[in-house]
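These notes are about the structure you will find just below.
Proteins come first, then strands; the chains are lettered A, B, ... in the order of their sequence lines, and each starts at number 1.
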Amino acid sequence: MSRYNPREAEPKWQSAWAARDAFKAGGPDAETSKPKYYVLEMFPYPSGRIHVGHSRNYAMGDVVARYKRARGFDVLHPMGWDAFGLPAENAARERGVHPGEWTYENIRVMRAQLQRLGLALDWSREIATCDPAYYRHQQAIFLKLLENGLAYRKTAKVNWDPVDQTVLANEQVIDGRGWRSGALVVQRELDQWFFKITAYADQLTDAIGDLDRWPEKVRTMQSNWIGRSRGAEVSWPLADPELAARFGDTIDVFTTRPDTLFGASFLALAPDHPIVKALAEDDPEIERFCHDCARMGSTQEEIEKAPKRGVDLGITVKHPFDPDWEIPVWSANFVLSGYGTGAIFGSPAGDQRDLDFARKYDLPVKPVVLPPNTDPADHVIEDEAYTDHGTIYNSRFLDGLGTADAIERAIAELEKVGLGKGATSYRLRDWLVSRQRYWGCPIPVVHCEDCGVVGVPEDQLPVKLPEDVTFDHPSNPLERHPTWKHTDCPKCGKPARRETDTLDTFVCSSWYFLRFTSPGSETEPFAPKDAEHWMPVDQYVGGIEHAILHLLYARFFTRALNDCGLMNLPGGEPFAGLFTQGMVTHETYKSSEGKWLLPTEVDRKDGQMVEIATGKPVTVGAIEKMSKSKKNVVDLDAFVDDYGADAARWFVLSDSPPERDVEYTDSGVEGVWRFVQRLWSTVTSLPDGAPGPSQVADGVSGPAQDIRKAAHKALHAVTDAIEGFRFNSAVAQVHDLVNVLRKYEPVDADGIAAKAEALGILVRMIAPFIPHLAEECWETLGGEGLVVDAAWPEADPALLVENTVTMPIQINGKRRAEIEVEKGSPEEAVKSLALAQDGVVRATEGLTVRKVIVVPDRIVNIVVG
RNA sequence: GCCCCUGUGGCGGAAUUGGUAGACGCGACGGAUUCAAAAUCCGUUUCCGCAAGGAGUGUCAGUUCGAGUCUGACCAGGGGCACCA
């Protein structure tokens, strides 16, 4: 018997699919009545090579794409490249290769790798975000956003590296120093571009509830990130008329607990609050405090460890409910300028931070919320604030109300006296999209001394990146380029300066799924007709690491594009179904010199891991997500050379549930190889002259009928598992059926027909998982055409039901025996049969049968005592 | 600190509605084949026990005729958010 050779079979079938354009999506103009289905995996950054870890994402999407095709859908399953980004610039610095050249070479390699996997992709729709044909439309979109007030410019605090002369992202600042230069990072105010995502904060929050095919976890994370909280804005009149004239009549604060207003003991302003800044100018103590706070590091750890500090500003405000009650105003380091109004009122009994602050500076602490079932005399605040709900007391007209009622009443009273109103605050900030980088989409505006910021007219797009740039200096090459930034104002024609910032690469990935719907569109980013036909994406597959930013930005973008009139996507949600897959993990290896080693550089010798090159022992480290940095990767090409693409696909879908991590092990791979060969030998064991795989072996009985039943049951189970994204269960079901089929040696024509039918079902069932082997089997079995075009088989309901059923018999909940009965046997008959069983008689001897529960066709439970 | 998720054999995991816990795969062990090995094939494999039997889904309680599944408290691991007022 011949062995299956993926090296020959896989390229052969891939050419066969390509020859008939098997995976080309139809679309709104196609002459088809098929319903559409858009399946998409998060497109990759072309970082170099694909490893087995990456392939899991694509394998899952491919199962869905092929399954839906077999189910009669017009499937759109495209692929492209998230091709702008910092690694290309780093490569340019380290190796002197142009970012574009490096990127396109990586794309070439990775495309070939993906094609070897045999994915059912419509390659005619391939896009790369660094292609001017793509980013010119992104620039057009930017101008639309600008026109509609959704893109704007403002000064913002950034991390500035004075040595590298560049802006650093928060994660590039380590212990207050630049990650590359090691220079102390300073906070600097720079003009930056923002997208007004906060305008959609409510919509983005409210719509989360409708995303019923998204993981709960992701929805929670999005909701937390937006961080909507309802409360009130409260205005505190400045006591000193002179100050009131200078700073406006009141200081406004945001609070979620207006019910605790009578517990107020101070106001605290952020160190960079305008009032604090102004007062600092003629008060050295305040000035020093502000200076200290500005210098404080921005890392989480530092913020966490920093003790509460403050300075008395020497001014007072009047309580909104009592003009005679004056409250001191402080500045405090724990108040954030970017949240709410940058000012709070301290109610120490009900907030731990306020309490810590009050204790440190000896400010009054008055409890105003009484915990349920507590005597006021027993409720004493020491070092722990009571932050929960309860009954309000010590609070005049709020006394006796519950927290929720008191909040409403307090807001109503604030509105009555004109010193406040109900308000909502968000954690979400506007999206800073400026990057001082070369390898990104240029922001298509020009700065003119007379006209200000002027958008580049559409007919002059794209604003292309210059090719001749140098990376010998860390700062932005666009800024340093001798000529690029000099241009004429599109409005008045006078010499002007181009914007040298490029867009955050998250912008590119916020609309690529729309571009896939009409990748050839030259005049528009996408044709609304195509976008409206294909959108939303029916099934999106990607890593959990994008649970917040990418998905939130995309959800913002589709809404913004709707509002700019570029399309009409009802509801505005881009991804109807989302699945977040787990990673592929692998052991890590470290040489005796402490360098990470590739799995191919180590070997097991006499039970010990050694480095092949040196023979020295190797430290086996933790099992971690496959990553280039830890070198615990298995290259996809090497894997496919050894075992074939099908084996890779089958492996990453086996064992672990798709949402969880799966560990790569050599023995697991060998198990897959065994399975592939076993499947092949099972298919080839069918004698010559057997009927084709689409035939139905009707009217057979005995073992032949049992085989048919097994196949149809497996089909039912696998169909269910695919629909429910439980690919590991589908794999187990397939294993089971193969085990049954390979042991079945038919002795007559009926048996052969039954086995042929069963194999036909099996082969169509595995086609979404291991499509090349499925084609090879289909051909061997004499199937019509290609299995890629075969319809998904239908399970015969008559074969899914059994005539008899095995019922376990429990005594006090413990299984003691089982009986085989006709399906639907009457309860009385089952009961007496059960009581007559040997095991039952033995176990009930000397005891009284108190009750017998018969659940028809399921179980019998006898209660004795 | 707050929020969420997960705890099942030696390992990954299955059990879709409260109804036979451990499917399927890996590993291990025994056997066949082989001069030998690889590969392949056939068995066994939750634990204790020779057996009869008993115990068993992180721990403790509860609901139920019956709990991996439902409820409460706790323990452990993972993730998210974090001076967000």
### Query
Hey, are A:Asp351 and A:Arg257 close enough for a salt bridge, meaning a charged N less than 4.0 Å from a carboxylate O?
no

## Note on the structure
Nucleotide by nucleotide, nucleotides 53-66 of chain B touches protein heavy atoms under 4.0 Å in the pattern (B base, S sugar-phosphate only, - none) SS-B--------BS

Could you tell me whether the phosphate oxygens of [N], OP1 or OP2, come under 4.0 Å of any side-chain nitrogen or oxygen in [X]?
X	N	result
A:Arg429	B:rC84	no
A:Asn728	B:rA14	yes
A:Arg674	B:rG25	no

### Task
Please identify each residue that fulfils side-chain contact (heavy atoms from CB on, under 4.5 Å) with A:Ala423, with sequence neighbours left out.
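Expected list: A:Glu233, A:Phe254.
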
### Query
Under the side-chain contact (heavy atoms from CB on, under 4.5 Å) test, which residues partner A:Pro364, sequence neighbours left out?
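Listed in chain order: A:Ser265.
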
Going by salt bridge (charged side-chain N to carboxylate O under 4.0 Å, His left out), name the residues that satisfy it together with [X], two or more places apart in sequence or in a different chain.
X	result
A:Lys366	none
A:Arg816	none
A:Arg213	none
A:Asp857	none

### Task
Go ahead and write out RNA chain B as dot-bracket, 5' to 3': ( ) for pairs within the strand, [ ] for ones crossing earlier pairs, | when the partner sits on another strand, dots for unpaired; Watson-Crick or G-U wobble, both distances under 3.5 Å.
(((((((..(((......[....)))((((((.......))))))(((....)))..(((((..]....))))))))))))....

### Given RNA chain B, 5'-ward residue of the pair A:Arg309 and A:Glu670, judged by closest heavy atom
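Residue closer to the 5' terminus by nearest nucleotide: A:Glu670.
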
### Query
Would you call B:rG56 syn or anti, using the 90° rule around 0?
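What B:rG56 shows is an anti base, its glycosidic angle lying more than 90° from 0.
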
### Task
Please list, by residue number, the residues of residues 655-662 of chain A whose heavy atoms come closer than 4.0 Å to an atom of RNA chain B; answer none if no residue qualifies.
A:Asp655, A:Ser656, A:Pro657, A:Arg660

### Query
Is there a residue in residues 731-739 of chain A whose heavy atoms reach under 4.0 Å of RNA chain B, and which residues are they?
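RNA chain B contact set from residues 731-739 of chain A: A:Ala732, A:His735, A:Asp736, A:Asn739.
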
Side-chain donor-acceptor pairs of residues 720-740 of chain A under 3.5 Å, sequence neighbours excluded:
| residue | atom | partner | partner atom | Å |
| --- | --- | --- | --- | --- |
| A:Glu723 | OE2 | A:Tyr67 | OH | 2.6 |
| A:Asn728 | ND2 | A:Asp655 | O | 3.4 |

### Query
Are A:Glu820 and A:Thr804 close enough that a side-chain donor and a side-chain acceptor fall under 3.5 Å?
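There is such a pair (donor and acceptor under 3.5 Å, judged by atom type) between the side chains of A:Glu820 and A:Thr804.
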
### Query
Taking the six-membered ring of A:Phe334 as reference, does the NZ or CZ atom of A:Lys308 fall below 6.0 Å from its centre and within a 45° cone about the axis?
yes

#### Entry: Sequence neighbours excluded - side-chain hydrogen bond (donor to acceptor under 3.5 Å, both in side chains) pairs with any residue from residues 660-671 of chain A
none

